[in-house]
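Report on one structure; see the data block that follows.
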Number of protein chains: 2
Amino acid sequence: MTVGSSPIRKDAVAKVTGKARYTDDFTMPGMLHAAYVRSSIAHGTVTNIDISKALAMDGVEAIFTYEDVPDILFATAGHPYSLDPDHTDVADRLLLTREVRYHGDEIAVVVAETKLAAKEAARAVLVEYEELPVCVDAASALDENAPAIHKGGNVIKSHQFEVGGDLETAIREADSSVSGQYYTPVVQHCHMENHIAYAYMDDFEHVVVVTSTQIPHICRRVVGQALDMPWGNVRIIKPYIGGGFGNKQDVVLEPMVAFLTTKLDGRPVKLELDREECMTSTRTRHSSILDCRAAADRDGTLRAVDIAMTSNTGAYASHGHSIPSAGGAKSCNLYPRNAIRFSALTHYANIPAAGAMRAYGSPQVIFGLECVLEDLAREIGMDSVDFRIKNVARELDVNPLSNKPIRSAGMVECLEKGRELIRWDEKKRRFAHQQGPVRRGLGVACFSYGSGTYPVCVEIAGCRLILNQDGSVHMQVGATEIGQGSDTAFAQMAAETLGVSYDKIHVVTTQDTDVAPFDTGAYASRQTYVVAPAIKKAALQLKAAILDHARKMTGKAAEGLDVVDGNVVNANRPERVVTSLAELAIDAYYHKQRGGQLTADVSHKTRTNAPSFGCTFVDLEVDIPMCKVRVHQILNVHDAGTIIHPLLAEGQVHGGMGMAVGMALYEELLTNPENGRVLNNNLLDYKIPTCVDTPDLGCAFVETTEPTGAYGNKSLGEPPVISPGPAIRNAILDATGVAVNRMPMSPKALFTHFHDAGLI
Amino acid sequence: MTVGSSPIRKDAVAKVTGKARYTDDFTMPGMLHAAYVRSSIAHGTVTNIDISKALAMDGVEAIFTYEDVPDILFATAGHPYSLDPDHTDVADRLLLTREVRYHGDEIAVVVAETKLAAKEAARAVLVEYEELPVCVDAASALDENAPAIHKGGNVIKSHQFEVGGDLETAIREADSSVSGQYYTPVVQHCHMENHIAYAYMDDFEHVVVVTSTQIPHICRRVVGQALDMPWGNVRIIKPYIGGGFGNKQDVVLEPMVAFLTTKLDGRPVKLELDREECMTSTRTRHSSILDCRAAADRDGTLRAVDIAMTSNTGAYASHGHSIPSAGGAKSCNLYPRNAIRFSALTHYANIPAAGAMRAYGSPQVIFGLECVLEDLAREIGMDSVDFRIKNVARELDVNPLSNKPIRSAGMVECLEKGRELIRWDEKKRRFAHQQGPVRRGLGVACFSYGSGTYPVCVEIAGCRLILNQDGSVHMQVGATEIGQGSDTAFAQMAAETLGVSYDKIHVVTTQDTDVAPFDTGAYASRQTYVVAPAIKKAALQLKAAILDHARKMTGKAAEGLDVVDGNVVNANRPERVVTSLAELAIDAYYHKQRGGQLTADVSHKTRTNAPSFGCTFVDLEVDIPMCKVRVHQILNVHDAGTIIHPLLAEGQVHGGMGMAVGMALYEELLTNPENGRVLNNNLLDYKIPTCVDTPDLGCAFVETTEPTGAYGNKSLGEPPVISPGPAIRNAILDATGVAVNRMPMSPKALFTHFHDAGLI
C-alpha cells in the first residue's frame, strides 16, 4: 500500500540540493526589469505626474502611467469563473490607478535594463496629489461622513443566514447566555518567495507568463480579462513555488508583466517585489471584529450561536466578502444541532488590500466562536472539553446550512485523544487554584472546515497519465504543487490505483496552462480531495488500457488479469507474472499492428464537500508581570479522513500551527491611522516566530474514512492554522482569569488587559 | 474548407520577426560549454592523451576522455525501436572513442565556462596515435587487404530482392537492353542551424535535454540507452528548429550533453557545433555506385530493371544499410509491371559518417534508374516521356515488392501535365539537330516515394486536443515542426474536422517528451500522412464531446447537432446557431454539475503506406567549351494526393528542387584519399547554390485522392529532391549526346566527359 506510507517527497532532492528552479532562477536574453511607482499617500487623486526626469535616466526603456493602461476594471481574486452573474468577483482594479486608495498604490511602472535602474527611475517620477481623508478601520470607513474609497461606497457586501431554529427564541429559552466582542488582526503570509513574474511573447498573439502562482489556470483567465485578450492566447507557466498560503491565490503581478511585454515588442519583462512591497502591496489576512453571542442549557446543551462579523478588506476587494462568507459557512459543521445565525459585512479601508490567507476566514470566525463558547462553558460551569464533546458534530449529523449529512466525523475522538495526550484532567487538577505571578493554563478550541469550495464554486480537476516506454508513468495534473507536497500525495494515489511502485510515477510538477489538465489550483484545502477522484479515474482507465493490451499480447481475458508491483499478473494468482509493464509498454509502443501510446486523460467535477474537523489543546504559562506567554505544550488533533502521507501530513500540521502561534502571540501589520502608512512592512519590525519562539508542535490524527473521498481523505492543508489562536486565548483565560479577546496576545495587549483587570 | 487553402503559417510572425526561439536562444544561469577534442588522423588508435595542460587553462571545469565514458555501444539512427532483433540499428558508437575511424572523431570533451575557453582548451589536449591505413571508398574499403574499421569488418550489410518475374530471363527475352554505372556524391544537408543541445538536471534522477532534433521521442530512448538510464527519466525538449533535412534524424549531441550534466552535478552544459564540425562530424548523404541494367521491347514495354548499389556509410553505421534498402523498396512503385532486381551493399570507410538525408536513398537509386531508363529509351528510339507514360504505375497496379495495390497514382497525369507545361513537343522539334558550342536540351525523370516507413517500422502518431475556455483549441502533437510547416498543416486538419476556423487552433509547437503525445518524429515524409488520422480521430472525439455537452446544455439530441464555423448548429439547418463554442466551453468548464474540460487524446498506428509520385522536366542550355550548364526551366510535377496547403506545398517543392539542383550541379563533400581529411568543410569551399545560381523553380500538382490518407493526402516533404538530378543529366545528354553518369555535373566533371567524348 502506497497510500498511508511516507515515501520521500518527489521534490525532496531538488529542494534540499538547491536544484529546484523557481521563477527567479530562469533568465532570458534581453530581459527587462520593471518597478512600480507607488503612491506616497493613502487616499486621494493624482493631479500631476512628471516622468521626464526618470525617462532620461540610464537604462530606462519605458515608463507607463495610469494614462497608458487599458480602461478595464478587473477582479484579482483567484476564484473560478462563475456562471452566476450575482456571484462574480468585484472588478475594482485597473493596471495602474490615478485614484489612490492605500499607501503604496500603483500609479506608474518603469521598465529598465536592470532592476536597480528601474527602482531608481521609479523614485525619480514626480507625482502630485490631491489628498482625501484616510479611513483605516470599520469605525472610520463606515462612518456616514466617510469619503467613498470606491464608487458605490465603502461597503462591499453584507449577508446573513439563520439556521437550526429561531436564534432569538433559542437564546431566550436557554438557561444561560454570554456575549463578547473579539478582534482578529491584519497579518501577512510571509511566504519565503516574494511575488515574482515575467512575461514574453513568441509572436504578437500569445503572451507567456512565468509566475509564482497557486492558480495558473485562473491566472490565465484574469490576464485575458485584464488585457481584453482571448484567454486561449495567454499561457501561464508555474515553476516551483516558495510558499503561497493564499497570497498567490490572487492575480497580482501577472496582468502587468503581460501588459508590459505586449507594449515592448514581446521582450521579456520581469517584475519582482521586494519584501517591503510584498508586505503591503500584495494581500493580507482580513482583520475582523466579531460580535458573538451564545446560549446553552445548564446540562451543557448548546442552544444558539450568533456571530456578527465585520471584515476589513482594505483598499481593494480581492476576495472581499467571500472571506467571512466562507468562514461562516464552513463553521456550520462544527456545532450542527443548535440555532446558528451568522451575519457579515465587508468594507473597504485605506490600508493594504486583504485577500485569501490560509483557512480563508475560518481563523477569524472560529476565534469568535471558540472564545464565546469558552466563556459560555465557564458561565455554566462545565469543563471545556466535556462541553464541546457534548455539542460537536457526530457522524450523520446534518449540516444545518447545506442540509447535507456529515458522512465522517471524528471530532469527538479528536477531543478525547487530545484530552488524553495533553493529560487534561490531571493538569486541570494540578493547575487549579494557582496564585503568584506565573500561572499555568489549559485551553482547547475546535474547528470544522471544508474540502474545497463546492457548492459555492465549481470543483474541477484533471489528471493525465502516460505509460512510458520503460513501464514508468508520467502524471500531469492541473493542481499545483506550492510546497505542500501535493505532487507526492498525487503520485501515491496513482501508484496505489495503478498497482505500480511510487518511484515509477514521474510527476510533471511545472504547470503549463497550454498542456496541463484544467484545475483551478491550490486553495481551499481542495487538492487532495478534488484531485483524488480525477487521479483514481485516470489510473483505472490507464489500468484498463494496460490490461486490454495484455489481452492482445497474451490472448488472456483482461478480467482475469491485474497489475501488481509493476507487473501484469494473473488476478487469482498474483504470484504468476504474465508480463512486466516495461515489456508491455514496449509492445504497445512498437508493435506494428497493435497498441499505441497508452494514456488516460480525465477531467472530473466533484459535487461533494466533506467537512474535516480537529482541535487544539494548549498547556501554557503566563508570566503576568512580564506580560509574556510561554507555551509548554501545544497539540493539534485532526480528523482529515484517511491520511495519505503521514509525514507530510504532520508537516502540514506543524506549519499551520506555527503560523497560528504567530498570529495568536506576535503578528500584526500595523497602520498609522492618521496617514494610512504601514508601520512594520518588513521582517524586522513585523514579528513572525522563529524557531526560538516556536514551541514544540504536537500533532495527532484520528483517521476516519470519508465515503466521498476517493481514498477516504478530506482536507488538511489549511485547517491546522484555525484553532490554535482561540485555544491559546482560552488557556490564558484559564491561567489568569483574564479574557484577552483579540489577537495577537502580545505583551502589549496582555499588559493592557492585565492592567484593566487589576492583575498588574 | 480549411484543408486546401493557404492560411498564414502558424510560425510566420514568430519567424519573420525573429521572435521564434531556437535552442541557442535559451540560457540558464551557470551554463557551461563543451567542445570536442577531435582526432587529427582518419584511422588509428590513440596511444596517449595528455589533458594536463588543457585542464589548467582558465575557465576549464572538466575534461572527459574515452576512458571516462560508459562502455556502452549505442546506435544513433533515428529509427523507432524495433521488436525484431534482426532489425535493430547497428550499435557501433561510444560517447568518446579511442579507436579513431575518421578525421574528426571524438576522443575527448572539454567543459568550460565559455565556449571559447572550451575550444581553446580542446586544442591544448595532446594526443598521440598509432595510425592505420585509410580507406575512403568502396574500392579501398572492400579490398580484401583493407584494415577493418570496425570489428566484424567493413561490410555492414547486403541484401537483394527480385520481383516481377525472373530478371535474367526478362532481359534475355527483351528486344533491347542497356547497362551503365552511375555515381552519386557525398553531400551535406547544410541546414541553417548547426547541431546544438544543452542538458541539465533538476534532481539527480531526471536529465532534461533541450535540442534541435527532428526526433525528440527517439532521442529520449537513445539517450537512455547510451547512458543506461531508465528512458522515463530522460526528457527531451525541442524548440523551433532551423532545418534538419534528416541530419537531425540522428542522435548526435544529446547523449553527450546528458552525460556531461550527470557528471557535473546537474549543471547545464551546452554543446554547439560550428559549421566546420557540422559538415564533417554530424552526418552526410551516402555516396553510392549504381550498376544498372534495363531492358525493353521495341514497342516501349519495359521488361526489366536491375540495380546493384554500393553505398558508403563512412566511419559509423548511423542509418547504414537502411538507406539503400529504403531507396530500393520505395522505387518499386514507379515501374511496377516488369521484372525488378535490386541488390545493395553498405560498407564502412574512413570518411564522415553518412546518415539520413532528404529522400533517404531514393535520390541515389532514382539517379541510377532514371539514367539507365533514359539510355534505354534512346536505345529503342522512343520519346522519353512516351516511354515513361507507357510504363509507369497506374491506379490499381500492384507494388511487386509489397504486393499492395497502388490506390492512387497520378504519375501519368504528372508526365502529361509536365510535358504540356514545359512545351516538350514543340521544344523537342526546335532543339533537334543543334550544332555549335551552346546547345539546348530537354530532360525528364520520374520518381516514386513512400508516405512513411510502414511496414518496415511501426508508424505511430499522437494528437491531443483541448477545448479552451474561449472556445479556441490547443493542439499537442508528437510530430515535429522542423520548418516544413507541419504545425500549420496539422492545424488545418484539426480545424477542418472540428468545424472551427484555422485561427482558433493553437499549436503547441515545442515538443516535450514528458507531455507531448508519442510520435517518432519528422522523417520519411511521414508526418502529414501518419499524423493526419490521429488528428482526425482526436478531432472527431472532441467534436463528439462538444456535441454531447451541447446536448446536456440544450436537451437537443447530439445527432441533430453539428459544429460549423465555431458554432454548434442544427445539423439540418446550419444557419440555426444553438450555441457558440465559447459559450459551450464556459458552461463545460464552469457549470457546477455537468461537463468538465473537454479533451481528446489519441494515439494511432498507421498500417498503410501510400506511394507518392512525380517527375521533373528540365530545359537547359550547355555551354560546351565553358563546361557550364544553364537551366532555362525546371519543373516538378507532383502527385501528393490532396494538397493540404498549396502555398506550403509549393515551398516544399521549391526547397527540394533547390537542394537537388545543388547536388546535380555543384555539391560534393570531397575527401583526400591519402589521409581522409575533408577538403571543403565550409560553405566557402563547399558550393551550395545561392539565389544567383538557382533557376526559377516551377511547380505543379496533380491532385489525386488517396483513399488511405485521412484527408486524401500523401507524402510531399522529401520527394521534390529526388528526380531533378537525373532529369538534368538526361537534358545534358539530350543537348550534347554525352552521358554524364555522375553527380555533381560540375564544370570539372563536364570537362572530363566532353573531353573524353571529343567535344572539346
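Keep in mind the model is a prediction, meaning the values are calculated, not measured. Numbers restart at 1 for each chain; the letters A, B, ... are given by sequence-line order, proteins then strands.
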* Which one of A/L581, A/V500, A/T579 satisfies the side chain to side chain contact (heavy atoms under 4.5 Å, CB included) criterion with A/I546? -> A/L581
* Atom group of B/I466 that falls short of 4.5 Å from chain A, counting heavy atoms -> side chain
* To do: Against chain B, work out which of A/R594, A/Q593, A/Q469, A/R464 has the most heavy-atom pairs shorter than 4.5 Å and name it.
  => A/R464
* Asked: Which bit of B/V508 comes within less than 4.5 Å of chain A, counting heavy atoms only: side chain, backbone, both or neither?
  -> side chain
* Could you have a look at B/W231, B/Y81, B/Y200, B/F26 and say which one has the most heavy-atom pairs with chain A under 4.5 angstrom? => B/Y81
* Structure fact -> Nearest heavy-atom contact between B/V210 and B/P239 is CG1-CG, 3.7 Å
* Asked: In terms of heavy-atom pairs under 4.5 Å with chain B, which of A/R221, A/R267, A/H591, A/M201 leads?
  -> A/H591
* Side chains of A/E583 and A/S580: closer than 4.5 Å at any heavy-atom pair? -> yes
* Among A/T599, A/V473, A/T606, who wins on heavy-atom pairs under 4.5 Å with chain B? -> A/T599
* **Backbone N/O of A/Q597 and side chain of B/S603: donor-acceptor pair under 3.5 Å** => yes
* To do: Would you please indicate yes or no on a ring centroid separation below 6.0 angstrom for A/F518 and B/Y589?
  => yes
* Count the heavy-atom pairs under 4.5 Å between each of B/R607, B/K605, B/Q476 and chain A, then report the option with the highest count. => B/K605
* Asked: Any salt bridge between B/K10 and A/E205, counting N to O under 4.0 Å?
  -> no
* If you take all heavy atoms of B/P216 and B/K238, which pair is closest and at what distance? -> CG-CB, 4.1 Å
* Among B/G266, B/S82, B/S472, B/P517, residue most engaged with chain A (heavy-atom pairs, under 4.5 Å) -> B/P517
* **Value rounded to 0.5 Å, distance of CG in A/N609 from NZ in A/K404** => 10.0 Å
* Structure fact -> Looking only at B/G30, B/G232, B/G471, B/G596, the option with the highest number of non-hydrogen pairs under 4.5 Å against chain A is B/G232
* Who wins among B/N468, B/L598, B/V602, B/V515 for the most heavy-atom pairs under 4.5 Å with chain A? -> B/V515
* To do: Look up atom NE2 in B/H474 and atom CD1 in B/I505, then write down how far apart they are to the nearest 0.5 Å.
  => 10.5 Å
* To do: With a 4.5 angstrom heavy-atom cut-off, could you sort out which part of B/R235 is near chain A: side chain, backbone, both or neither?
  => neither
* Asked: Side chain, backbone, both or neither: which part of A/Y240 has an atom under 4.5 Å from a heavy atom of chain B?
  -> neither
* Structure fact -> Most contact-rich option vs chain B, by heavy-atom pairs under 4.5 angstrom, among A/A20, A/P80, A/G595, is A/G595
* Asked: With a 4.5 angstrom heavy-atom cut-off, which part of B/D265 approaches chain A: side chain, backbone, both or neither?
  -> both
* **Interface residues of residues 452-463 of chain A facing chain B - non-hydrogen atoms under 4.5 Å apart** => A/Y454, A/P455, A/V456, A/C457, A/V458, A/I460
* **Interchain contact, A/H604 with chain B, by part (heavy-atom threshold 4.5 Å)** => neither
* Calculate, to the nearest 0.5 Å, the distance between atoms CG and CD1 belonging to B/L465 and B/I535 respectively. => 8.0 Å
* Contact part of B/A588 toward chain A, heavy-atom cut-off under 4.5 Å: side chain, backbone, both or neither? -> backbone
* To do: Check the angle between the aromatic planes of B/H206 and A/H506 and answer parallel, tilted or perpendicular using the 30° and 60° thresholds.
  => perpendicular
* Go through B/N233, B/V13, B/D514 and name the one with the most non-hydrogen pairs under 4.5 angstrom from chain A. => B/D514
* To do: Please report the closest heavy-atom contact between A/A582 and A/D470, naming both atoms and the distance.
  => CB-O, 3.5 Å
* **Side chain, backbone, both or neither of B/D587 within contact of chain A (heavy atoms, under 4.5 Å)** => both
* Indicate the atoms forming the closest heavy-atom contact of A/G521 with A/R526, along with that distance. => O-NH1, 2.6 Å
* Asked: Salt bridge between A/D512 and A/R220, side-chain N to carboxylate O under 4.0 Å?
  -> no
* Heavy-atom contact with chain B under 4.5 Å, split by part of A/T17 -> side chain
* Asked: Are any of the side-chain nitrogens in A/D202 or B/K15 under 4.0 Å away from the carboxylate oxygens of its partner?
  -> no
* Side chain from CB out, backbone as N, CA, C, O: work out which of these in B/D203 comes under 4.5 Å of a heavy atom of chain A, or both, or neither. => both
* **Criterion side chain to side chain contact (heavy atoms under 4.5 Å, CB included) against A/I218, the qualifying member of A/T520, A/V223, A/I236, A/T513** => A/T520
